[in-house]
Amino acid sequence: MTAAINHHGLRPPAFEYRGRLDKELYCEKIRLASLAGRYGTPLYVYSTQMIRQRLQAFAHSFKDLRHTVCYSVKANSTLGILRLVAAEGSGFDIVSGGELQRILRIDRHAAERAVFSGVGKTETEIELALCSKIMLFNVESESELHLLAATAKRLKKRAAISIRVNPDVSAKTHPYISTGLRQHKFGVPVSEAKTLYAQAAKERFLRVAGVSVHIGSQITDLKSFAEAMERVAELVRMLLHQGHEIQFVDAGGGLGIAYEGVQTAFAKQIGAYARAITKPFQGMKVHLLLEPGRSIVGPAGALVTRALYRKTNRKKRFLIVDAAMNDLIRPSLYGAYHQIVPARLSSSGKKETTDVVGPVCETGDFFARNRKLPVVNENDLLAIMDAGAYGSVLGSNYNTRGKPPEILVDGAEYKLIRRRETVEDQLRIEK
Ligand SMILES: *Cc1c(COP(=O)(O)O)cnc(C)c1O
């Protein structure tokens with residue numbers, strides 16, 4: 001179990017068992033059980049060290065090329081996480097006005113290192129982005145280009161733009177998080193992009209600045225990235241030839257993590273990713289933008305939950321825990337796998353096969369099905385691993401459940417970066 005959980009190849013490991021007799025799970029130097037005792041469960045716990053190291057590994061792997069890491073805010077947008085990411089020198093990839101307001105909250109100038117993606121930017125969001133002087137608009141349709149041009153003209157603010165192209169490349173990932181095929185709503189076909197660049201170049205308040213692509217999320221097949229980037233490189237060459245100044249190539253995010261099984265060391269994985277992404281641009285003077293989300297924060301977070309009840313319906317065993325699909329929806333939404341481990345390893349080593357489910361009134365409210373786990377007793381604590389990305393951000397108040405608190409651990413210290421949401425918090429905005 002120790003080996004299984006400490007499989008990220010990072011030192012110091014974020015989550016590991018310590019102790020000689022009773023092995024207890026720690027996040028860095030903090031015992032998860034002590035956090036659960038203080039803040040209650042369910043509870044999100046994140047490792048500062050792991051987030052830092054992953055950002056640094058990104059920077060290191062791309063050091064030979066001009067680049068900016070624009071952390072994808074939607075993966076985990078808690079202010080404490082954004083502050084940590086900004087302190088490492090990262091910019092941001094945002095997909096809404098709300099996310100823009102979050103980054104402005106942590107730093108008035110953060111927008112100057114922000115790229116704005118998304119198929120449905122509203123006029124209000126565009127105005128806010130123009131006034132905040134964001135670095136780049138990733139435009140996803142002709143209509144959006146027209147609205148952006150008109151709004152920029154009206155406000156007399158110049159906007160740097162890139163067209164997000166849809167390269168028609170399969171990302172070989174879950175269909176809900178695959179974005180780069182022609183049948184997906186994202187981006188514009190390469191052929192149409194050429195026309196949009198010509199239109200944009202005629203607008204006084206628009207500056208053609210780059211080409212963008214993002215083919216999906218949780219992608220482990222590097223060939224998909226390579227293929228998309230080859231198509232982008234081809235387009236960039238053509239645009240340069242036509243006299244457009246293509247300063248940025250935005251490669252998007254999407255690098256997958258190993259939720260299941262053994263993960264290769266991150267430095268090695270990211271090295272291979274960097275080679276796949278950059279190869280088509282050899283000899284070209286471009287500034288690469290990278291938008292990783294999941295690969296930065298995913299393995300750095302765990303959802304700590306307490307077992308409420310054991311129950312057996314005929315022969316089917318259930319472990320009912322106090323976290324639910326409203327806290328972490330990935331298993332229900334994508335059938336996603338998350339490793340689940342006890343916060344204290346019993347010496348007996350006995351195992352049993354069980355479903356791990358939450359209290360919400362939906363059969364889809366599960367974290368694991370027919371999972372072989374060490375025997376868990378009522379009141380025991382469990383950690384649902386790799387919950388740092390698309391965990392808390394996808395949370396809801398279904399069943400009038402409050403969102404869990406979030407703790408950011410840094411060595412032997414930790415801070416509460418978001419307190420538990422109360423029913424009062426929820427009712428405040430209702431009449
Ligand atoms: C979601 C998203 C990302 C981040 O994807 P990850 O899989 O979390 O790395 C990057 N860019 C865009 C445009 C996105 O929509």
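In what follows, every heavy atom counts, from backbone to side chain, and hydrogens, waters and symmetry copies are set aside.
I417 places none of its side-chain heavy atoms less than 4.5 Å from the side chain of I407. Considering only heavy atoms from C-beta on, E140 comes within 4.5 Å of K121 through its side chain.
The residues E227 and R231 are annotated as salt-bridged, a charged nitrogen and a carboxylate oxygen being separated by less than 4.0 angstrom. Using a cut-off of 4.0 Å between Lys/Arg side-chain N and Asp/Glu carboxylate O, E99 and K74 are scored as not salt-bridged. In summary, E123 and R154 engage in a salt bridge, as defined by a charged side-chain N under 4.0 Å from a carboxylate O. Ion pairing of E88 with R52 is present here, as a side-chain N (NZ or NE/NH1/NH2) and a carboxylate O approach within less than 4.0 Å. Contact check on D355 versus R371 returns no salt bridge, with no Lys/Arg side-chain nitrogen under 4.0 Å from an Asp/Glu carboxylate oxygen. Salt bridge K172/D221: present, at least one basic N to carboxylate O contact under 4.0 Å.
The 12-atom threshold is exceeded at CD of Q183, counting heavy atoms of other residues, nucleotides or ligands nearer than 6.0 Å. Heavy atoms of other residues, nucleotides or ligands lying less than 6.0 angstrom from CD of E413 number 12 at most.
Here the side chain of R182 pairs no donor or acceptor atom with the backbone of V169 at under 3.5 angstrom. Distance alone, capped at 3.5 Å, places no donor-acceptor pair between the R164 side chain and the V211 backbone. For N76 (side chain) and T78 (main-chain N/O), a donor-acceptor pair under 3.5 Å exists by modelled atom type.
For the pair R158 and F205, the cation does not sit on the ring face, since its NZ or CZ is not both under 6.0 Å from the ring centre and inside 45° of the axis.
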